[in-house]
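Note that the structure is a prediction, hence the values are computed from the model and not measured.
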Amino acid sequence: MGIPRGTYDILPNEVTTWHYLEKTAREICARYAYEEVRTPIFEETSLYERGVGETTDIVEKEMYTFLDRKKRSLTLRPEGTAGVVRSFVENKMYGESLPVKLYYFGPMFRYERPQAGRYRQFHQFGVEVFGSDDPALDAEVISLGLAFYRSLGISGVQVGINNVGTPEIRAKYFEKLIEYFAPFEAELDQDAKSRLYRNPMRILDSKVKRTQEIAEGAPSILDSLDKASMENFERVQSYLQELQVPFQVNDRLVRGLDYYTQTAFEFMIEELGAQAGVIGGGGRYNGLVQELGGPEVSGIGFGIGLERVILALKEQNVAIPSTKPMDCFLVTMGEQAQHASVRLLGELRGAGLKAERDYLDRKMKAQFKAANRYKARYVAVLGDEELASGKIQVKQMETGEQKSIAMDQLVSYLLEGK
RNA sequence: GCGGUCGUGGUGAAGCGGUUAACACACCGGAUUGUGGCUCCGGCACUCGAGGGUUCGAAUCCCUUCGAUCGCCCCA
């Protein structure tokens, strides 16, 4: 027996990092007036087929799909947006005052081969905004993402933005691309060939040298945009400038999900390499709410891969705030003292102090060692003498200073020392 | 789904055909039977991911399998 492939345990010493990420995300979202939403970890399979797109890699080969006991097809969520949109529609949030600004945090599942910064169960922090086309929101969402990285202490995050137009524009652009690539068909690599008629935009970011050379001359989607899209794109850029968000226009930026319209963006960090370097991405999805049965309400959001954020934190040696030190370790000598320690320990904890004792009947020396391991600020020694006198020995570990204190004064003494 | 590398104690690792499986750290115990962080001493792998084979003999060679890791596709 072992842990399933592509999954991993987050052990206590790592959990502090996760708390740090969550806390930071929550604080920033609160500042930007986003509220948390928690949706199920699995949904009906059809939600993703319709929402994410039938021809995407995610739906074609990466979903964890299973039948329940009533033979309903369910799928462990491969991404966050579809579920949040479903919830938005189902709970008729479009009836509330718009825009509705939401964020989420949690595990996602994709059946892929594990690799650096890629797991089968991984975690995302994401936001979604519904009900406004205002390009200022596009800029807000991007700057919120960037604020998250910065607030964590990650530097060098690059923002790439593009405008992928409307589905109609993309259809026309596809024709142009096919027209351009067709004469080179024989020179393209296998992957590019298979994409030529299905999704030629994907050829643009190929890593195969010859394909890349050919792709360099391909027409840009920006030249195919209609006036409204172009204006929208320009306004997003000017708002980003207002917010002092550095960005690069990348007309080759393609996202993996079908639902994106207009603005598409990515957060990247160079040190982590080509794959893990994309630490977040998102865009606008103006047709999705309708596609999933809601009214014509537009949306925009991003998903940030937290495993990759953690890679970046480690790469850049960002210090994680450590856990609370132990206020007091109770050393006990003898059975009487062990009994008495139960109550004393309860009192310490009841007073809000972090306190611990030995449970393995260890020798005093070993108990002191344990206290050190816990980084205890004080050690209180309780033995027969103390029980008889009602006074307990309290040692401040850093200075080695030791005092005798009335047992009922211990709590207030420790609270003073904080 | 495809390709490379790897798999020895709690951890980091040596050993690469010859039989008690180095060493370091961690942990436990003792020196110091009521006091930590230093020092010294002792303990801690019937076993080298699993299964099969070659051999007088395998952790060391071969095959299979599982897993990890890195890369490709794709993505966070």
Side-chain angles (χ1 to χ4, degrees), chain A residues 1-8 11 52 55-63 77-81 106-126 145 189-192 194-195 199 202-203 205-208 211 254-257 266-269 272-282 301-312 326 329-334 337 358 360-387 392-402 404:
Chain A
M1 249 194 10
I3 193 166
R5 184 144 212 221
T7 66
Y8 63 102
L11 300 174
V52 177
T55 63
T56 57
D57 275 36
I58 289 181
V59 170
E60 278 186 347
K61 53 182 206 192
E62 293 173 5
M63 293 205 297
R77 62 181 185 198
E79 57 97 52
T81 302
M108 306 291 164
F109 305 83
R110 288 184 205 171
Y111 190 95
E112 292 188 275
R113 270 189 80 162
Q115 203 178 301
R118 175 196 289 173
Y119 297 90
R120 290 184 172 180
Q121 173 174 340
F122 61 103
H123 299 77
Q124 284 191 340
F125 155 52
D189 63 280
Q190 277 308 315
D191 280 323
S194 72
R195 283 186 203 133
N199 192 347
R202 299 228 136 268
I203 301 177
D205 58 1
S206 169
K207 284 159 197 103
V208 179
T211 302
V254 181
R255 311 244 64 246
L257 316 179
E266 266 176 8
F267 299 111
M268 286 163 303
I269 183 155
L272 295 181
Q275 327 302 324
V278 177
I279 53 180
F302 65 63
I304 287 177
L306 297 174
E307 278 76 6
R308 291 182 181 180
V309 169
I310 289 175
L311 280 181
M326 185 70 69
F329 188 91
L330 217 46
V331 167
T332 55
M333 294 293 298
D358 170 68
L360 293 173
D361 203 21
R362 276 192 273 237
K363 301 261 166 64
M364 177 172 271
K365 183 188 170 90
Q367 294 190 47
F368 266 86
K369 277 189 166 184
N372 270 343
R373 240 175 277 133
Y374 283 119
K375 298 190 174 69
R377 294 165 51 241
Y378 289 91
V379 167
V381 179
L382 187 58
D384 292 339
E385 288 171 27
E386 287 75 17
L387 286 174
I392 192 164
Q393 300 295 324
V394 182
K395 182 169 188 174
Q396 192 179 356
M397 294 303 274
E398 204 173 317
T399 60
E401 207 182 313
Q402 185 163 314
S404 183

Taken to the nearest whole Å, OH/A:Tyr111 to P/B:rC2 is 11 Å
Look at all strands and tell whether A:Arg362 reaches a base, only sugar-phosphate, or nothing, counting heavy atoms closer than 4.0 Å.
-> sugar-phosphate
Rounded to the nearest angstrom, tell me the gap between atom CZ in A:Phe109 and atom C1' in B:rC75.
-> 16 Å
Rounded to whole Å, CZ of A:Phe267 lies from P of B:rA76 at a distance of 12 Å
Determine the contact category for A:Glu385: base if any of its heavy atoms lies under 4.0 Å from a base atom, sugar-phosphate if only primed atoms, P, OP1 or OP2 are that close, otherwise nothing.
-> base
Can you tell me how far P in B:rG10 sits from the matching atom in B:rG3, rounded to whole Å?
-> 33 Å
From the candidates B:rG36, B:rG29, B:rC27, the one with an atom nearest any side-chain atom of A:Lys363 is B:rG29
Separation of A:Gln396 CD from A:Glu401 CD (nearest 0.5 Å) | 5.5 Å
C1' gap between B:rU11 and B:rC27, integer Å | 11 Å
Closest to the 5' end of RNA chain B, once A:Gly383 and A:Pro4 are matched to their nearest nucleotides, is A:Gly383
Heavy atoms, side chains only, cut-off 4.5 Å: are A:Tyr119 and A:Glu307 in contact?
-> yes
Tell me whether the OP1 or OP2 atom of B:rG36 has a side-chain N or O from A:Arg377 closer than 4.0 Å.
-> no
Looking across every strand, which nucleic acid part, if any, lies under 4.0 Å from A:Glu386 by heavy atom: base, sugar-phosphate, or nothing?
-> base
Does A:Phe122 have A:Arg110 sitting over its ring (NZ/CZ under 6.0 Å from centre, angle to axis within 45°)?
-> no
How close or far is atom C1' of B:rG49 from atom CZ of A:Arg5, stated in whole angstroms?
-> 15 Å
To the nearest Å, give me how far apart CD (A:Glu62) and C1' (B:rA76) are.
-> 11 Å
With heavy atoms under 4.0 Å as the rule, sort A:Gln393 into base, sugar-phosphate or nothing.
-> base
Nearest-nucleotide pick for A:Asn372, side chain only, options being B:rG36, B:rU69, B:rA76 = B:rG36
Pairwise C1' distance, B:rG7 and B:rU47 [rounded to whole Å] = 15 Å
Quick one: pull up NZ in A:Lys369 and CE in A:Met364 and give me the separation to the nearest 0.5 Å.
-> 15.0 Å
Which is true for A:Gly6 with a 4.0 Å heavy-atom rule: it touches a base, it touches only sugar-phosphate, or it touches nothing?
-> sugar-phosphate
Would you indicate which nucleotide in B:rU69, B:rG36, B:rC28 comes nearest to any side-chain atom of A:Met397?
-> B:rG36
Nearest-nucleotide pick for A:Arg113, side chain only, options being B:rU69, B:rC27, B:rA76 = B:rU69
Taking atom types as they are modelled, is there a donor-acceptor pair under 3.5 Å from the base of B:rG34 to the side chain of A:Lys365?
-> no
Rounded to whole Å, CG of A:Asp358 lies from C1' of B:rG36 at a distance of 14 Å
Considering only NZ, NE, NH1 and NH2 on the basic side and carboxylate oxygens on the acidic side, decide whether A:Glu112 and A:Arg118 come within less than 4.0 Å.
-> yes
Separation of A:Leu330 atom CG from B:rG36 atom P, in whole Å?
-> 17 Å
Using the P atom on both, measure B:rA59 against B:rG49 and round to a whole Å.
-> 10 Å
Taking only side-chain nitrogens and oxygens of A:Arg373, does any of them come within less than 4.0 Å of OP1 or OP2 of B:rC27?
-> yes
Given B:rA76, B:rG1, B:rA31, the nucleotide with the shortest approach to the side chain of A:Arg110 | B:rA76
Rounded to the nearest 0.5 Å, how far does CZ of A:Arg362 lie from CD of A:Gln367?
-> 8.0 Å
Just checking A:Arg120: base, sugar-phosphate only, or nothing, at a heavy-atom cut-off of under 4.0 Å?
-> nothing
Taking all heavy atoms of A:Ala337 and all of A:Gly383, pick out the closest pair and write down the distance.
-> CB-CA, 4.0 Å
Could you tell me the separation between the OG1 atom of A:Thr332 and the CG atom of A:Asp361, rounded to the nearest 0.5 Å?
-> 7.5 Å
Least distance between heavy atoms, A:Ala312 atom then A:Ile269 atom = CB-CD1, 4.1 Å
Are any non-hydrogen side-chain atoms of A:Ile304 and A:Val309 less than 4.5 angstrom apart?
-> yes
Determine the Euclidean distance between corresponding C1' atoms of B:rA24 and B:rA45; express it in Å to zero decimal places.
-> 16 Å
Closest to the A:Lys61 side chain, choosing from B:rU35, B:rA76, B:rC73 = B:rC73
Ranking B:rU69, B:rC70, B:rA31 by distance to the side chain of A:Pro114, first place goes to B:rU69
Under 4.0 angstrom, heavy atoms only, what part of the nucleic acid is A:Glu79 near: base, sugar-phosphate, or nothing?
-> nothing
Tell whether A:Glu266 reaches the base of B:rA76 with its side chain through a donor-acceptor pair below 3.5 angstrom.
-> no
Contact nearer the 5' end of RNA chain B, comparing A:Met364 with A:Phe122 | A:Met364
Inter-nucleotide C1' distance (B:rA26, B:rC44), Å rounded | 11 Å
Establish, yes or no, whether a centroid distance under 6.0 Å links the rings of A:Phe329 and A:Phe368.
-> no
Nearest-angstrom distance, C1' atom, B:rG67 to B:rA58 = 22 Å
All stems that RNA chain B takes part in, i.e. 3 or more consecutive Watson-Crick or G-U pairs with distances under 3.5 Å, are B:1-7 with B:66-72, B:10-12 with B:23-25, B:27-31 with B:39-43, B:49-53 with B:61-65
With heavy atoms under 4.0 Å as the rule, sort A:Ala366 into base, sugar-phosphate or nothing.
-> sugar-phosphate
Quote, to the nearest angstrom, the C1' distance that separates B:rA21 from B:rA14.
-> 10 Å
Expressed in angstrom and rounded to an integer, what is the separation of A:Tyr8 atom OH from B:rU69 atom P?
-> 11 Å
From the list B:rA76, B:rG71, B:rG36, which nucleotide is the closest neighbour of the side chain of A:Gln115?
-> B:rG71
